[in-house]
Q: 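Questions regarding the structure given below will be posed in turn.
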Amino acid sequence: MTHKQLPPSHEIDARYMGRVFQIMEDCADDRAEGWTKLGMIVNQATDGPGAFTYISVEWKGKKYDNWFPEASLRALTNILDDWQQELTAGGFQNWTSMFFGAVPQADGNIRTIWLPEYAPDGGKWKFVPGVPNWPKVEAALDRLVARAQW
């Protein structure tokens with residue numbers, strides 16, 4: 001099996017990834033207990049600090065994308081801002097967009113994935129005006145469920 005090489009910023013990334021997933025999972029457990037898929041796309045703001053997010057949850061067979069509480073979104077945005085600042089201060093390449101995904105397993109564990117994008121234009125995870133985000137999130141979550149290779 002081939003493993004991707006860890007980025008030089010992996011210690012910083014791991015610390016912030018864990019915090020992001022914790023907020024996402026806590027909100028899903030609180031607002032959609034029994035959720036089956038959880039996904040988020042993040043795009044860095046291009047005109048200063050900040051990020052734009054699309055956060056979806058699948059619960060009882062239905063997809064929801066207007067469910068994340070405002071206070072948790074602010075906390076999440078603060079974490080993403082801190083992450084960006086620490087990468088920049090450390091001289092590391094900073095992500096421009098990314099995908100986070102989580103799916104519960106039968107054994108009670110949660111399988112997660114973080115897919116950063118470093119392309120100047122945001123690459124694969126760039127929001128496209130007028131195009132729904134759910135199909136992109138759903139395709140990535142389906143690959144996570146199937147344990148497909150990236």
Side-chain angles (χ1 to χ4, degrees), residues 2-32 35-59 62-104 110-150:
T2 306
H3 293 282
K4 289 185 177 181
Q5 184 176 353
L6 292 174
S9 60
H10 71 276
E11 289 180 14
I12 294 170
D13 295 335
R15 188 170 60 250
Y16 285 98
M17 270 188 301
R19 292 170 61 195
V20 167
F21 276 122
Q22 191 64 58
I23 288 175
M24 291 173 63
E25 290 172 20
D26 287 350
C27 287
D29 289 342
D30 185 52
R31 301 197 68 172
W35 58 273
T36 53
K37 292 180 183 175
L38 182 58
M40 177 173 69
I41 296 175
V42 178
N43 284 196
Q44 247 187 42
T46 56
D47 58 352
F52 300 101
T53 59
Y54 173 81
I55 308 170
S56 61
V57 65
E58 187 172 300
W59 179 58
K62 294 184 181 178
K63 300 164 186 76
Y64 298 91
D65 61 6
N66 192 14
W67 65 280
F68 210 77
E70 187 65 33
S72 296
L73 188 55
R74 280 192 302 275
L76 187 63
T77 300
N78 289 338
I79 290 169
L80 294 168
D81 285 346
D82 291 347
W83 188 353
Q84 292 173 18
Q85 289 175 19
E86 189 168 344
L87 287 172
T88 301
F92 295 109
Q93 183 179 20
N94 195 357
W95 51 268
T96 56
S97 66
M98 63 178 117
F99 174 78
F100 289 88
V103 292
I110 297 175
R111 183 180 304 153
T112 60
I113 194 161
W114 167 65
L115 301 170
E117 178 64 61
Y118 298 95
D121 68 352
K124 180 178 184 174
W125 304 113
K126 173 84 173 150
F127 292 133
V128 179
V131 176
N133 291 299
W134 179 256
K136 191 183 302 191
V137 169
E138 186 171 39
L141 290 171
D142 287 347
R143 289 182 71 182
L144 179 59
V145 168
R147 288 192 157 184
Q149 293 294 321
W150 294 93

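Keep in mind that what you see is a predicted model, and the values were worked out from it rather than measured.
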Q: Nearest 0.5 angstrom please: Ser72 OG to Asp26 CG, how far?
A: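 Between Ser72 OG and Asp26 CG, I get 8.0 Å after rounding to 0.5 Å.
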Q: Do Asp29 and Trp35 pass the side chain to side chain donor-acceptor pair (under 3.5 Å) test, and can you show the C-alpha distance, the side-chain angles, and the key distance before you say yes or no?
A: CA-CA 7 Å; Asp29 289 342; Trp35 58 273; 2.8 Å; yes
Q: Does a donor on one side chain sit under 3.5 Å from an acceptor on the other, for Asp81 and Gln85?
A: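 Side-chain D/A pair, Asp81 to Gln85: absent.
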Q: Hey, could you give me the OG1/CG distance between Thr88 and Asn94, rounded to the nearest 0.5 Å?
A: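 Answer for the OG1-CG pair, Thr88 versus Asn94, is 4.5 Å.
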Q: Do Ile12 and Phe92 come within less than 4.5 Å of each other through their side chains, counting heavy atoms only?
A: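 With C-beta onward as the side chain, the pair touches.
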Q: Is it the case that the side chain of Thr96 and the backbone of Glu117 share a donor-acceptor pair, with hydrogens and angles ignored and the cut-off at 3.5 Å?
A: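 Answer holds: yes.
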Q: How close do Leu87 and Ser9 get, counting heavy atoms only, and between which atoms?
A: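 Taking every non-hydrogen atom into account, CD2-CB, 3.4 Å.
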Q: Among Leu115, Asn43, Leu80, find the one that has a side-chain contact (heavy atoms from CB on, under 4.5 Å) with Met98.
A: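 Output: one option passes, namely Leu80.
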Q: Between Arg143 and Leu141, is there a side-chain heavy-atom distance shorter than 4.5 Å?
A: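 No - every pair of side-chain heavy atoms lies 4.5 Å or more apart.
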Q: If you take all heavy atoms of Lys136 and Lys126, which pair is closest and at what distance?
A: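 Nearest heavy atoms, Lys136 then Lys126: NZ-O, 3.0 Å.
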Q: Are Thr53 and Leu73 packed together at the side-chain level, in the sense that at least one heavy-atom pair is separated by less than 4.5 angstrom?
A: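 Contact flag for Thr53/Leu73 side chains = yes.
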Q: Among Phe100, Phe21, Phe99, which residue meets the side-chain contact (heavy atoms from CB on, under 4.5 Å) test with Ile113?
A: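 Passing option: Phe99.
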Q: Does any non-hydrogen side-chain atom of Thr112 lie less than 4.5 Å from one of Met17?
A: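 A side-chain contact is absent here, since even the closest heavy-atom pair is not under 4.5 Å.
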Q: Side-chain donor-acceptor contacts of residues 62-70 below 3.5 Å, not counting sequence neighbours, with atom names and distances?
A:
| unit_1 | atom_1 | unit_2 | atom_2 | d |
| --- | --- | --- | --- | --- |
| Lys63 | NZ | Glu138 | OE2 | 3.4 |
| Asp65 | OD2 | Tyr54 | OH | 3.1 |
| Trp67 | NE1 | Ile55 | O | 3.2 |

Q: Please report the shortest heavy-atom distance between Ala32 and Val57, naming the atom on each side.
A: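 Shortest heavy-atom contact: CB-CG2, 4.3 Å.
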Q: Taking only residues two or more places apart in sequence or in another chain, which ones pass ring-ring contact (aromatic ring centres under 6.0 Å, His included) with Trp95?
A: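 Scan of Trp95 (ring-ring contact (aromatic ring centres under 6.0 Å, His included), adjacent residues dropped) gives Trp83.
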Q: To the nearest 0.5 Å, tell me how far Cys27 SG sits from Gln22 CD.
A: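 The SG atom of Cys27 sits 10.0 Å away from the CD atom of Gln22.
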Q: Side chains of Glu58 and Trp134: does their closest heavy-atom pair fall under 4.5 Å?
A: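 Result yes, sub-4.5 Å side-chain heavy-atom pair found.
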Q: Minimum heavy-atom separation for Leu38 to Ala28, with atom names?
A: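 Minimum heavy-atom contact is CD2-CB, 4.0 Å.
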Q: Look up atom CD1 in Ile79 and atom CD in Gln84, then write down how far apart they are to the nearest 0.5 Å.
A: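 Nearest 0.5 Å value for the CD1-CD distance: 12.5 Å.
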Q: Given side chains that start at C-beta, do those of Ile110 and Glu25 come closer than 4.5 Å, heavy atoms only?
A: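 In contact.
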Q: Applying salt bridge (Lys or Arg N to Asp or Glu O under 4.0 Å) as the test, list every pair that has at least one member in residues 35-46; sequence neighbours left out.
A: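 Residue pairs with at least one partner in residues 35-46: Lys37-Asp142.
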Q: Are any of the side-chain heavy atoms of Thr36 and Trp59 separated by less than 4.5 Å?
A: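 A side-chain contact is absent here, since even the closest heavy-atom pair is not under 4.5 Å.
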Q: Does the Arg111 side chain pair with the main chain of Pro104, one donor and one acceptor, at a distance under 3.5 Å?
A: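 No: the side chain of Arg111 does not pair with the backbone of Pro104.
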